[in-house]
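Naming: A, B, ... by sequence-line order, numbering from 1 per chain.
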There are 2 protein chains.
Amino acid sequence: MPESAGTRAEILRVALELFRAQGYDATSLRQIAERLGITKAALYYHFKAKEQLVVELTRPFLDGFADIVASARSRDREATDASVEELLGQYLDLIIAEHAALSLLASDPAALNHPDVGLRGGTLVRAFQAELVGREASDADHIRAACALGAVNATAGLPEGQVASGRDDALRAALAALRSGTE
Amino acid sequence: MPESAGTRAEILRVALELFRAQGYDATSLRQIAERLGITKAALYYHFKAKEQLVVELTRPFLDGFADIVASARSRDREATDASVEELLGQYLDLIIAEHAALSLLASDPAALNHPDVGLRGGTLVRAFQAELVGREASDADHIRAACALGAVNATAGLPEGQVASGRDDALRAALAALRSGTE
DNA sequence: GTCTATAGGCAGATAGAC
DNA sequence: GTCTATCTGCCTATAGAC
């Protein structure tokens with residue numbers, strides 16, 4: 001029976017690989033099953049629908065993101081420079097750890113419209129941006145926040161080797177974008 | 001016969017709208033045809049395959065991008081601060097003008113693997129980054145360039161109203177990210 | 001230019017044996 | 001847990017009439 005947990009994990013591993021390479025819709029359950037040497041019917045023993053594969057694959061990222069936003073909300077009122085830097089750093093580390101899942105989130109419209117995936121992600125992004133800029137923020141502040149997150153997100157597409165070594169460079173670049181209004 | 005050009009443009013307009021909302025694979029030609037009050041077969045009179053819709057929709061962005069990269073290459077040897085700012089500004093304006101097509105490019109894996117679409121786009125991005133950082137650039141320089149482009153790309157997802165007014169803020173943020181290594 | 005009709009295929013999902 | 005067999009439905013694309 002440890003075999004079952006193994007199969008489930010293998011299915012998720014192969015599904016993520018194929019979804020990333022071809023997209024969710026373009027990847028059939030037959031392909032996933034064939035790659036694993038099992039049949040489509042076996043997949044349905046472990047997952048009740050294809051859609052559930054995406055939900056499971058993106059959950060670690062979304063849960064981690066939710067934790068970051070929650071901790072941001074429980075800070076003291078004032079958003080200090082240090083706390084903003086720590087928040088962005090935590091987000092960056094999450095992006096690096098879950099960059100494969102993130103590319104799924106970013107690239108699949110079906111996932112983007114799913115309540116437990118894309119819509120949840122969108123809500124988290126908006127909440128996170130609001131925490132970064134604080135209350136009484138200008139339009140320009142929001143644009144800078146969006147650019148800072150864009151800078152962080154860009155690291156998800158970097159070659160594997162440069163990610164770890166460039167973590168601090170990316171964080172500095174994002175902070176520079178965020179603070180580009182206050183010279 | 002002006003009707004024909006009109007129909008063709010209408011098809012592209014509806015296709016872009018549906019592709020963006022649902023994704024390329026999840027959008028059927030039947031849906032596009034129904035929305036226009038014509039039949040699937042009529043679509044095939046104007047476009048020889050579904051795939052060609054994506055090629056046509058992304059061409060203006062890719063052609064514009066290619067122009068920017070070409071003009072970057074024909075600069076004088078030295079990448080001055082002013083020329084980098086102008087390049088990023090041109091790219092930002094293109095992103096704003098073609099943001100709908102860009103979201104197609106970013107979100108459709110089928111398009112990403114197409115030689116005339118995603119692969120062409122990837123080549124352009126790499127060439128553009130190389131022009132931004134110049135020769136003898138460090139790993140950190142490349143990371144900052146990636147972050148700067150990420151900051152610019154983030155503006156494509158902004159609410160319609162903020163885009164025009166925030167253009168300069170976004171450009172400053174991207175430049176700040178790019179230059180975050182040289183204090 | 002647009003239609004009707006249809007070919008031909010593969011998708012997601014289920015039933016029930018082992 | 002995994003299989004075989006099958007249902008049902010929609011897809012892209014084409015042929016040929018109008």
Engineer: Does a side-chain heavy-atom distance below 4.5 Å link L53(A) with I32(A)?
Structural biologist: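 Answer yes - side chains close enough.
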
Engineer: Is there a path of hydrophobic side-chain contacts, each under 4.5 Å between heavy atoms of I/L/V/M/F/W/Y residues, joining L178(B) to V69(B)?
Structural biologist: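 V69(B) and L178(B): one cluster.
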
Engineer: Counting just side-chain N and O atoms, does T7(B) come under 4.0 Å of either OP1 or OP2 of dT2(C)?
Structural biologist: yes

Engineer: dG1(C) P sits how many Å from I38(B) CD1, rounded?
Structural biologist: 12 Å

Engineer: Over how many whole Å does the gap from F47(A) atom CZ to dT2(D) atom C1' extend?
Structural biologist: 15 Å

Engineer: Could you tell me how far apart Y44(A) (OH) and dC7(D) (C1') are, to the nearest whole angstrom?
Structural biologist: 13 Å

Engineer: Rounded to whole Å, please give me the gap between OH in Y45(B) and P in dA17(D).
Structural biologist: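 So the two atoms are 18 Å apart, to the nearest Å.
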
Engineer: Return the value, rounded to whole Å, for the distance between atom NE2 of H46(A) and atom C1' of dA13(C).
Structural biologist: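 Between C1' of dA13(C) and NE2 of H46(A): 16 Å.
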
Engineer: Compare all side-chain heavy atoms of E98(A) with those of L94(A) and state whether any distance is below 4.5 angstrom.
Structural biologist: yes

Engineer: For K50(A) and dG12(C), give me the distance from atom NZ to atom C1', rounded to whole Å.
Structural biologist: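 Taking NZ of K50(A) and C1' of dG12(C), I get 8 Å after rounding.
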
Engineer: Think T39(B) has a side-chain N or O under 4.0 angstrom from the OP1 or OP2 of dT2(C)?
Structural biologist: no

Engineer: Check the phosphate of dC11(D) against R30(B), side-chain N and O only, distance under 4.0 Å to OP1 or OP2. Yes or no?
Structural biologist: yes

Engineer: If you assign each of K40(B) and T27(A) to its closest nucleotide in DNA chain C, which residue comes earlier from the 5' end?
Structural biologist: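 Here K40(B) is the residue nearer the 5' end.
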
Engineer: Reading DNA chain C from 5' onward, which residue's closest nucleotide shows up sooner: L29(A) or A41(A)?
Structural biologist: L29(A)

Engineer: L43(B) has an atom CG; how far is it from atom P of dT4(C), in whole Å?
Structural biologist: 13 Å

Engineer: Any side-chain to backbone donor/acceptor pair from Y24(B) onto E51(B)? Under 3.5 Å, distance only.
Structural biologist: yes

Engineer: Say you draw a straight line from CD of Q90(B) to CZ of F65(B); how long is it, rounded to the nearest 0.5 Å?
Structural biologist: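 These two atoms lie 11.5 Å from each other.
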
Engineer: Just call it for S28(B): base, sugar-phosphate, or nothing, with non-hydrogen atoms closer than 4.0 Å on any strand.
Structural biologist: sugar-phosphate

Engineer: How many whole angstroms separate atom CD of Q52(B) from atom C1' of dA13(D)?
Structural biologist: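 Atom CD in Q52(B) sits about 14 Å away from atom C1' in dA13(D).
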
